Amino acid sequence: MKDGIDDLILGHAQRQNILIVPGSKAGLDRAHSIHLKVDYRLHYDTKIGVLDMDGKGTKAIADMGTSVVGASGVYIQNR
């Protein structure tokens, strides 16, 4: 998030989603978790990264996965 406190980002290959658990001064805040449904299969050993693609402070999530037809690629979630 934009508060300067680290968050936890997890990918779940079987459920095809990414879970974001925001951090707070008191620790992880599970009550405000965000589930992002993706339309591709996450690769089981991929790393999920956070980046600023446009240089304007807007964060995006990048990871690797496989489409429904089997093509591997890098996917960007910009929400």
Side-chain angles (χ1 to χ4, degrees):
M1 305 281 172
K2 295 182 180 183
D3 56 10
I5 299 173
D6 290 337
D7 304 318
L8 176 66
I9 302 174
L10 302 168
H12 194 295
Q14 285 84 13
R15 292 187 183 166
Q16 289 181 248
N17 70 23
I18 295 172
L19 172 66
I20 302 171
V21 183
S24 71
K25 291 180 182 178
L28 293 175
D29 183 5
R30 290 180 32 194
H32 293 96
S33 296
I34 301 167
H35 292 267
L36 299 176
K37 182 74 174 157
V38 296
D39 60 355
Y40 55 90
R41 174 177 273 161
L42 294 163
H43 195 269
Y44 71 92
D45 67 349
T46 196
K47 295 191 176 27
I48 298 173
V50 178
L51 64 150
D52 178 1
M53 290 188 60
D54 59 9
K56 297 178 182 175
T58 304
K59 302 294 187 221
I61 296 172
D63 58 4
M64 290 192 65
T66 306
S67 72
V68 293
V69 295
S72 296
V74 174
Y75 293 86
I76 307 294
Q77 304 295 322
N78 191 7
R79 301 180 190 210

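Index from 1, following the sequence. For clarity, every value in this text was computed on a predicted model and none was experimentally measured.
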Can you name the side chain to side chain contact (heavy atoms under 4.5 Å, CB included) partners of [X], sequence neighbours left out?
X: Ser24; answer: Ala26
X: Val50; answer: Ile9, Lys59
X: Arg15; answer: His12, Asn17
X: Asp54; answer: Asp52, Lys56, Thr58

Just how far is it from atom [atom1] of [X] to atom [atom2] of [Y], taken to the nearest 0.5 Å?
X: His35; Y: Leu10; atom1: NE2; atom2: CG; answer: 10.0 Å
X: Lys37; Y: Gln16; atom1: NZ; atom2: CD; answer: 5.0 Å
X: Ile20; Y: Ile34; atom1: CD1; atom2: CD1; answer: 5.0 Å

Under 3.5 Å, which donor-acceptor pairs do the side chains of residues 60-68 form with other protein atoms, sequence neighbours left out?
unit_1, atom_1, unit_2, atom_2, d
Asp63, OD1, Tyr40, OH, 2.8
Asp63, OD2, Tyr40, OH, 3.1
Ser67, OG, Val69, N, 3.4
Ser67, OG, Ala71, N, 3.2

Same cluster for [X] and [Y] if Ile/Leu/Val/Met/Phe/Trp/Tyr side chains link at under 4.5 Å?
X: Val74; Y: Met53; value: yes
X: Leu8; Y: Leu19; value: yes
X: Leu51; Y: Ile48; value: no

Of all heavy-atom pairs between Ile5 and Gly23, which one has the smallest distance, and what is that distance?
->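 Here Ile5 and Gly23 meet closest at CG2-C, 3.7 Å.
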